[in-house]
Novice: 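Following this message is one structure expressed as structure tokens.
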Amino acid sequence: MGNELGITPRGENYSQWYTDLVHKAELADHSVVRGCMVIRPHGYAIWELMQGALDNMFKETGHVNAYFPMFIPKSFLSKEAEHVDGFAKECAVVTHHRLKNAEDGSGVIVDPEAKLEEELVIRPTSETIIWNSYKGWIQSWRDLPVMINQWANVCRWEMRPRLFLRTAEFLWQEGHTAHATYDEAEEEALTILGVYKRFAEEWMCVPVIDGIKSENEKFAGADHTYTIEALTQDFKAIQAGTSHHLGQNFAKAFDVTFQSKEGKLEHVYATSWGVSTRLVGTLIMVHSDDNGLVAPPKLAPVQAVIIPIGRGEKLEAVLDAAAGMEKEIRAQGWDGGIIRTKIDKRDKSPGFKFNDWEMKGACIRIEIGPRDLENGKCVLASRLGGEKIECDIKDVAAKTAEMLSELQTGLYNQALAHREANTSRVDTWDEFKAAFEGEKAGGFIVAHWDGTSETEEQIANETKATIRCIPREPLDPADAEPGKCILTGKPSTQRVVFAKAY
RNA sequence: CGAGGAGUGGCGCAGCUUGGCAGCGCGUCUGCUUUGGGAGCAGAAGGCCGCGGGUUCGAAUCCCGCCUCCUCGACCA
């Protein structure tokens, strides 16, 4: 830890800052199980808000929720060759179904007689088990499209976990759709990409580049993969969401066919798409500061915190006023809901509470004490900027709502400015290498590439930078002009986005 | 899997070199005073020093074996 009270500053050790913040803001703990985390109520509240917003968007675009088992027969994984290659190395496997007491009294052991006939893989993703079901549900063009989402946990046995960003078990949503035509599946993949981009930018205040993954980086088993990519404060890219067009790969692997209007038997076209609790990590990485969590108002568990100041008889009057304010602020509403408001009545000093709520990312802090009460005033401070402003008590609800709106746009603008300041174009290999060397190096580097996997691999080997995506819309019109590959000098049709990634 | 580091009250750590009453800070509990940027004083509770073995009159400390975690690599839909 940086010191007893605060957290390690970002400039001193960014990784440590992130870990300190997650702990001190009470978002999550490391579990006793390696690679797994305990998501604490304050962190889970952010995830619930994300779920709520995304779930609405999925339903508005025609999807329904369902739930499939977490255990997948091992044989299912081998049905799609690329898919198993992509996940085999990180699967947890269930081999037995019973424990028993050891005969020597040393404790509990796995009962060797309870071995499963077919081992079960704990889902790293659910394509295989879901497509097994779809086979039974889809016979005719009338059964299509199938547009199902599930909220679930998945397990990927990662070698190097990091709270929220990469854990062995994580929470996510995964959408799995089936369509009659390639074009329809393509439209679906892009619709979801749009949902993800809108969620990142409008809810999380995180500007993202949306684009298509290179062959090296695409999902195992996909025809092609779309992604949204964000930039952190330490100049690395975070893949924040992906939407895959699976073509007919899984339909062929699981033999899912339908009779078309013309009476022909055809394999269906598929998509899958997901975002995970990694979004919580992304949120932290993009916005938070040396005083703790900075949460965008739409996703902040506490949008306004009222801190009553005073003691004895005077405190009673202050608490009365605070209760009245809380009621008005909630009723005021913002963004189509109540303003999530809390009065901090803990027996702690005001200074402690100020710091504590900054750590936990409360958007607006409202101070009220005897001094204010006499004048009919209170003091407001936004989590961004933080300067105190005086406000009439009668106006506090309206002012709070106004400040939430300012914070929501302010955070987005700040993150966008950071991304723009750290997005650059280079045209020579020396410049390119230099861009990724040293402590503060990185950011998005927009450069020409000859389109081959070999070149991408060589670039990654020498610089650790990978192609984050080929943007759907050029970030700058000139990016769409042809040029020469940064490494090989061969012809390139357009610039692509490179970065070191989390 | 490779290289480093660390396991000692709830949390963070010192003590180990040179064996001799298990300590400190934070937190917790009690009381009094305090309250506009992490309050003060007084008192209290709380530990099988990661596990197993060895050396010794005596081991947190020395020796051997094992386990776990962290950091940095490698790996990574």
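Atoms considered below: every heavy atom in the structure, side chains included; atoms not considered: hydrogens, waters and symmetry mates. Residue numbers begin at 1 in each chain, while the letters A, B, ... track the order of the sequences.
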Novice: Would you kindly compare A:Gly351 and A:Thr225 by the position of their nearest RNA chain B nucleotide and give the one closer to the 5′ end?
Specialist: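 Per heavy-atom nearest nucleotide, the more 5' residue is A:Gly351.
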Novice: Counting only side-chain heavy atoms from C-beta out, which of B:U28, B:U35, B:G37 sits nearest to A:Asn355?
Specialist: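 Nearest listed nucleotide: B:G37.
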Novice: For A:Ile307 and B:G36, give me the distance from atom CD1 to atom P, rounded to whole Å.
Specialist: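 Computing the A:Ile307:CD1 to B:G36:P distance gives 12 Å.
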Novice: Using the P atom as the point on both nucleotides, what is the distance between B:C67 and B:G10, in whole Å?
Specialist: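 It works out to 26 Å between them.
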Novice: Using the side-chain heavy atoms of A:Arg365, tell me which of these nucleotides is nearest: B:C76, B:G38, B:G37.
Specialist: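 Given the options B:C76, B:G38, B:G37, the side chain of A:Arg365 is closest to B:G37.
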Novice: With a 3.5 Å cut-off and no angle check, do the side chains of A:Asp223 and A:Asn249 form a donor-acceptor pair?
Specialist: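 No, no side-chain donor-acceptor pair sits under 3.5 Å.
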Novice: Anything under 30° is parallel, anything over 60° is perpendicular, the rest tilted; go ahead and classify A:Phe170 against A:Trp172.
Specialist: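 The rings of A:Phe170 and A:Trp172 stand perpendicular, inter-plane angle above 60°.
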Novice: Is there a donor on the side chain of A:Glu367 or the base of B:G37 sitting less than 3.5 Å from an acceptor on the other?
Specialist: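 No, the side chain and the base share no sub-3.5 Å donor-acceptor pair.
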Novice: Do you know which of A:Gln239, A:His244, A:His224 makes side-chain contact (heavy atoms from CB on, under 4.5 Å) with A:Lys213?
Specialist: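 Only match with A:Lys213 under side-chain contact (heavy atoms from CB on, under 4.5 Å): A:Gln239.
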Novice: As a test of reading the structure: which of B:G36, B:G38, B:G37 is closest to the side chain of A:Met359, going by heavy atoms?
Specialist: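 Among B:G36, B:G38, B:G37, the one nearest the side chain of A:Met359 is B:G38.
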Novice: Just to be sure I understand the rule, does A:Gly369 reach a base, reach only the sugar-phosphate, or reach nothing, if contact means heavy atoms closer than 4.0 Å?
Specialist: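 Contact class for A:Gly369: base.
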Novice: When we call it a touch if two heavy atoms are under 4.0 Å apart, what does A:Glu358 touch: a base, just sugar-phosphate, or nothing?
Specialist: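 Touches a base.
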Novice: Among A:Ile7, A:Asn291, A:Asp20, A:Leu293, exactly one meets side-chain contact (heavy atoms from CB on, under 4.5 Å) together with A:Met359. Which residue is that?
Specialist: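 Exactly one pass, corresponding to A:Ile7.
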Novice: Could you work out the separation of B:U61 and B:U8 based on their C1' atoms and round it to a whole Å?
Specialist: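 Each nucleotide's C1' atom is 12 Å from the other's.
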Novice: Looking only at heavy atoms, what is the nearest atom pair of A:Phe444 and A:Ala237, with distance?
Specialist: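 Looking at all heavy atoms of both residues, the shortest contact is CE2-CB, 3.8 Å.
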Novice: Counting a pair only when it is Watson-Crick or G-U and both distances are under 3.5 Å, which runs of at least 3 such pairs involve RNA chain B?
Specialist: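 Detected stem regions: B:1-7 with B:67-73, B:10-13 with B:23-26, B:28-33 with B:39-44, B:50-54 with B:62-66.
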Novice: CD1 of A:Ile368 versus P of B:U35: gap in Å, rounded?
Specialist: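 Between P of B:U35 and CD1 of A:Ile368: 18 Å.
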Novice: If the threshold is 4.0 Å, N to carboxylate O, is there a salt bridge linking A:Asp356 and A:Arg346?
Specialist: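 Salt bridge flag = yes for A:Arg346 with A:Asp356.
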Novice: Do A:Asp392 and A:Lys377 meet the salt-bridge criterion of a basic N to acidic O distance under 4.0 Å?
Specialist: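 Result for this pair is yes, salt bridge flagged.
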Novice: Rounding to an integer number of angstrom, what distance separates B:G36 and B:A44 when you compare their C1' atoms?
Specialist: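 The answer is 33 Å between these two C1' atoms.
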Novice: Which whole number of Å gives the distance between the P atom of B:C57 and that of B:C11?
Specialist: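 Rounded to whole Å, the distance is 37 Å.
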Novice: Using the C1' atom as the point on both nucleotides, what is the distance between B:C48 and B:A59, in whole Å?
Specialist: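 One C1' to the other, the span is 14 Å.
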Novice: Would you say the side-chain atoms of A:Arg198 pair up with the backbone N or O of A:Leu193, donor to acceptor, closer than 3.5 Å?
Specialist: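 No.
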Novice: Please work out whether the ring planes of A:Trp151 and A:Phe58 are parallel, tilted or perpendicular, with thresholds of 30° and 60°.
Specialist: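 Correct class here is tilted.
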Novice: Atom CD1 of A:Ile7 to atom C1' of B:G38: distance rounded to whole Å?
Specialist: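 One finds 14 Å between C1' of B:G38 and CD1 of A:Ile7, rounded.
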Novice: Rounded to whole Å, how long is the line connecting atom CG of A:Asn216 with atom C1' of B:C76?
Specialist: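 After rounding, the reported distance stands at 14 Å.
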Novice: Calculate the interatomic distance between A:Asp347 atom CG and B:U33 atom P; express it in whole Å.
Specialist: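 Whole-Å distance recorded here is 13 Å.
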Novice: Can you check ring-ring contact (aromatic ring centres under 6.0 Å, His included) on A:His83 and A:Phe219, steps first, answer last?
Specialist: CA-CA 8 Å; A:His83 190 64; A:Phe219 177 72; 5.7 Å; yes
Novice: What integer number of Å spans the C1' atoms of B:G23 and B:G47?
Specialist: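 The answer is 11 Å between these two C1' atoms.
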Novice: Ignoring backbone atoms, test whether A:Ser349 places a side-chain nitrogen or oxygen under 4.0 Å from the OP1 or OP2 oxygen of B:U35.
Specialist: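 Indeed not, no polar side-chain atom of A:Ser349 lies that close.
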Novice: Using atom P of each nucleotide, how far apart are B:G73 and B:C26 to the nearest Å?
Specialist: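 My reading of the P atoms in B:G73 and B:C26 gives 35 Å.
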Novice: Counting side-chain heavy atoms from CB outward, which of B:G38, B:G37, B:G36 is closest to A:Asp356?
Specialist: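 Nucleotide nearest to A:Asp356's side chain: B:G38.
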Novice: Between B:G36 atom P and A:Leu373 atom CG, what is the distance in whole Å?
Specialist: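 Interatomic distance, CG of A:Leu373 to P of B:G36: 16 Å.
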Novice: Take the protein atom CZ of A:Phe352 and the nucleotide atom P of B:G27, then report the distance between them rounded to whole Å.
Specialist: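 In whole Å, B:G27 P and A:Phe352 CZ are 8 Å from each other.
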Novice: Using the C1' atom on both, measure B:C62 against B:G4 and round to a whole Å.
Specialist: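 Pairwise C1' distance, B:C62 against B:G4, rounds to 24 Å.
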Novice: State yes or no: are the ring centers of A:Phe436 and A:Phe432 separated by less than 6.0 Å?
Specialist: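 Yes, the ring of A:Phe436 comes within the 6.0 Å limit of the ring of A:Phe432, centre to centre.
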Novice: To the nearest Å, give me how far apart CG (A:Asp290) and C1' (B:G38) are.
Specialist: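 Whole-Å distance recorded here is 16 Å.
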Novice: Specify the residue among A:Ala501 and A:Lys348 whose closest nucleotide of RNA chain B lies further upstream toward the 5′ end.
Specialist: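 Mapping each residue to its closest nucleotide by heavy atoms, the 5'-most match is A:Lys348.
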Novice: Encode nucleotides 68-75 of chain B as B, S and - characters from 5' to 3', where the letter depends on protein heavy atoms closer than 4.0 Å: B to the base, S only to sugar-phosphate, - to neither.
Specialist: -SS-SBBB
